[in-house]
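Structure first, then comments.
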Amino acid sequence: MSEITRAVPVARPKPIQAVPLRHPWRNLLAFALIFLLLAFIIDAAQREAYDWPAFALYLFDVRVIQAAGVTLALTFLAMIGAVVVGIVLAVMRETDNPVLRAIAWGVIWFFRGTPVYVQLVFWGLLSSIYQTINLGLPFMEPWLVLETADVIPLFWIAVLGLALNEAAYMAEIVRAGLLSIDPGQTEAASALGMGWWLTMRKVVIPQAMRVIIPPTGNEVISMLKTTSLVTAVPFSWDLYTRTRDISAATLNPIPLLLVASVWYLFFTSIMMIGQSRLEKHFSRGQLGHGATPKRRRRQDRADRAPVVLASPETVAAPSGAGAPEGAGMSDVAGMTEGDAR
Amino acid sequence: MSDIKVSAQEVHKSFGDTHVLKGIDLEVRRGEVSCLLGPSGSGKSTFLRCINHLESIDSGRIEVDGTLIGYREHGERLHELKPAEAAAQRENIGMVFQRFNLFPHMTALENITCAPVFVKRAQRSEARQRAIELLERVGLADKADAYPRELSGGQQQRVAIARALAMTPDLMLFDEPTSALDPELVGEVLDVMKSLAESGMTMIVVTHEMGFAREVADTVTFMDGGVVVEHGTPEEVLVRPQHGRTKAFLSKVL
């Protein structure tokens with residue numbers, strides 16, 4: 001290493017004075033798009049069909065805000081259910097018991113293989129298919145007979161339908177996360193005397209989260225939008241159905257569609273921020289932890305710089321003798337180790 | 001207490017149709033450093049993993065301190081231990097892996113305190129104090145807050161040794177601890193192992209480092225094809241091997 005450093009001439013050559021490559025077509029396209037966008041905004045602001053006064057009137061309408069709350073509640077309750085059932089299905093798919101494995105596979109196959117709208121209609125018909133819920137032992141007079149429609153409100157039918165459909169996707173996401181962990185990790189934990197649950201909690205899950213969170217964030221956003229299908233149950237207090245019902249009375253659907261869209265966008269934007277926070281939290285110990293790709297690239301360039309352009313200081317520095325023992329070498333080894341993985 | 005720390009009798013193990021261990025007999029005395037040598041595929045790593053029941057065995061028995069490992073005896077029959085019971089048996093057996101297997105989301109210090117705190121329910125401050133002492137012992141006191149990715153292979157393996165020692169084991173298993181290291185980093189790991197051997201730890205080491213075996217080991221066992229071919233002092237096995245297969249192996253590696 002020191003020989004190479006010495007071989008580099010001390011005086012730095014003049015920087016190259018090159019004219020950067022031009023991209024005329026790219027620039028033209030950029031201008032054209034800016035023009036079209038401006039034209040669209042100016043036109044939309046003036047166009048009567050959008051009815052901006054009505055939009056402003058309904059954006060913070062009490063009914064709309066309530067509906068937005070219902071949509072959020074549906075999203076989070078269904079997601080919680082989906083994550084719990086998904087984890088159970090993922091663990092079942094990885095057990096040695098063939099019956100549990102087959103059942104998990106079958107559940108995922110069914111709920112992933114049929115449209116969520118059809119499933120929601122089915123769940124809505126639950127109370128006509130099973131009109132009563134009988135509690136008791138099989139082949140005996142039931143102790144308690146309940147009317148299904150009374151026991152399970154439509155809101156919870158909607159949550160159930162959304163959750164079970166989503167659980168099939170969550171199961172695969174969780175499974176991918178668990179499979180991404182090197183078996184050496186669980187072996188090391190076992191060798192230290194850690195049991196299954198402790199290994200899961202302290203070793204496997206914190207690492208699997210890095211793989212699980214990005215797709216789960218997508219699923220939450222997708223769930224928020226899928227709640228607009230609960231009208232199939234039929235449940236009508238969510239954001240989309242509610243705004244549609246309002247516009248059915250006012251005969252002015254476009255501003256209310258805009259209202260619903262703005263609320264959906266508002267929620268998804270917040271969720272995206274939350275997701276990136278979580279991703280940062282679970283990237284502990286990763287290379288370039290906490291750094292954005294851009295900052296990392298800049299850092300890489302800075303790391304390389306002294307090697308490419310040996311400054312006079314580098315050359316003057318006592319090579320090897322004064323440096324801490326093996327420090328440079330182990331740094332290099334550490335880097336290749338990380339890259340190889 | 002008997003002098004025998006680890007005793008294996010007629011240990012057999014198959015993976016599917018592959019018969020990996022074909023009746024291994026081995027005794028390791030307390031405080032002894034025992035090196036297992038042999039070509040790859042000879043079953044030495046598998047045998048090592050049977051000693052703390054990371055692998056189950058098909059027949060024979062393995063005892064540590066006179067206690068049957070991995071099974072409970074009821075008259076004539078053996079019952080496999082529950083995972084929690086097997087985990088409890090492993091608490092006193094440290095293991096160091098070829099690929100280090102440090103937990104990448106924890107710092108060096110957290111890697112070391114993890115098991116004492118969560119398995120042995122040690123006080124966090126005490127575990128921390130002891131972890132710092134262990135890091136000093138392996139020469140990495142300044143790396144306590146470094147993540148595994150920021151350490152060289154040799155440093156990672158030294159942290160892994162400290163992590164195993166944090167559970168105060170009285171038996172250490174080393175599964176090719178230097179095979180994944182760049183040649184210039186092997187020495188620092190072997191030095192730590194040497195000082196551990198001098199402190200009286202019972203060690204079973206699967207290795208290809210002939211120099212270490214000759215210098216540090218009390219006994220050397222040469223395995224090939226799932227059987228023990230030759231067993232004795234380093235002098236007997238490495239310098240005056242009796243068996244053709246040992247001679248052939250040694251002529252290739254020395």
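Every chain is numbered from 1 and lettered A, B, ... according to where its sequence line falls, protein lines coming before strand lines. Reckoned from all heavy atoms, side chains included, excluding hydrogens, waters and symmetry mates.
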Test item: B/Pro104 and A/Gln185 side chains (from C-beta on) under 4.5 Å apart, heavy atoms: yes
Part of B/Leu173 lying under 4.5 Å from any heavy atom of chain A: neither
Side chain / backbone / both / neither for B/Leu54 at chain A, heavy atoms under 4.5 Å: side chain
Winner by heavy-atom pair count (cut-off under 4.5 Å) against chain A, out of B/Glu91, B/Gln98, B/Glu110: B/Glu110
Pick from A/Lys202, A/Arg210, A/Met194, A/Arg201 with the largest number of heavy-atom pairs that fall under 4.5 Å of chain B: A/Lys202
A/Ser190 OG to B/Met95 CE distance, which is reported to the nearest 0.5 Å: 11.0 Å
Closest-packed option against chain A by number of heavy-atom pairs under 4.5 Å, given B/Thr107, B/Ile93, B/Leu102: B/Leu102
A/Leu192 side chain near B/Arg163 side chain, heavy-atom distance below 4.5 Å: yes
Atom NZ of B/Lys120: over 12 foreign heavy atoms under 6.0 Å: yes
Residue part contacting chain A, namely of B/Ala84, when any heavy atom lies under 4.5 Å: neither
Region of B/Glu85 that comes under 4.5 Å of a non-hydrogen atom in chain A: neither
Chain B interface, residue from A/Ala189, A/Ala191, A/Pro206 that has the most non-hydrogen pairs under 4.5 Å: A/Ala191
Nearest atoms (heavy-atom pairs only) where A/Ala188 meets B/Phe103: CB-CE2, 4.2 Å
